[in-house]
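Scroll down for the structure; my scribbles are underneath it.
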Amino acid sequence: MFLKNYMEIAVDKVLPNIIKAFSTICACDKCILDIKAIALNNLKPHYVVTDRGELYSKVDEMKVQFETDVMKALIDAIAIVSKNPRH
Ligand SMILES: [Zn+2]
């Protein structure tokens, strides 16, 4: 069993699609990590205790519930990083 912040998984799942949609943003490692950090700091953590197999079914259940919040946090983070890239 392990403890995992579901929001980290959700951000990893949603981010690639958003990057594709925002073709103008820089997708270097530094900017991606900055975007993730800012988005996760703005999202309320949602910890789950689970085993690996169960995690994926939980992720699907929670996806609908949190996807809008995650997308919004990522879009805000992209706006911040695009204005002040640190690369
Ligand atoms: Zn960059």
Side-chain angles (χ1 to χ4, degrees):
M1 299 299 278
F2 63 100
L3 179 67
K4 183 87 192 163
N5 178 5
Y6 167 73
M7 289 305 180
E8 280 186 43
I9 303 165
V11 161
D12 280 339
K13 274 198 137 182
V14 174
L15 187 58
N17 299 329
I18 296 197
I19 287 170
K20 267 184 228 153
F22 285 77
S23 54
T24 54
I25 66 165
C26 174
C28 76
D29 288 352
K30 180 85 195 135
C31 289
I32 295 296
L33 287 173
D34 279 345
I35 290 166
K36 279 192 195 178
I38 292 166
L40 283 166
N41 282 336
N42 287 326
L43 286 162
K44 201 165 157 276
H46 189 91
Y47 283 95
V48 290
V49 175
T50 185
D51 62 40
R52 203 162 289 280
E54 201 191 16
L55 179 64
Y56 290 102
S57 58
K58 277 207 173 126
V59 164
D60 284 340
E61 268 171 41
M62 288 187 287
K63 196 169 178 268
V64 181
Q65 197 180 340
F66 294 116
E67 199 166 26
T68 317
D69 291 344
V70 170
M71 282 180 82
K72 192 183 172 303
L74 282 170
I75 289 166
D76 290 348
I78 286 168
I80 293 165
V81 171
S82 308
K83 268 183 216 152
N84 292 298
R86 294 200 297 151
H87 54 227

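Atoms within each ligand, like the ligands themselves, are counted from 1 in listed order.
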The Zn ion (ligand 1) neighbourhood, protein N/O/S only, threshold under 2.8 Å:
Cys26 SG, Cys28 SG, Cys31 SG, His87 ND1
Identify the heavy atoms of Met7 and Val70 that sit nearest to each other, and give their distance.
SD-CG2, 3.9 Å
Quick check: do Val81 and Ile25 have side-chain heavy atoms less than 4.5 Å from each other?
no
Search all heavy atoms of Ile78 against all heavy atoms of Phe22 and return the closest pair with its distance.
CG2-CD2, 4.3 Å
Keeping the roles fixed (side chain from Asn5, backbone from His46), state whether a donor-acceptor pair exists under 3.5 Å.
yes
Roughly how far, to the nearest 0.5 Å, is the CD1 atom of Ile35 from the SG atom of Cys26?
8.0 Å
Please say which of Ile19, Ile9, Leu74 ends up in a side chain to side chain contact (heavy atoms under 4.5 Å, CB included) with Val14.
Leu74
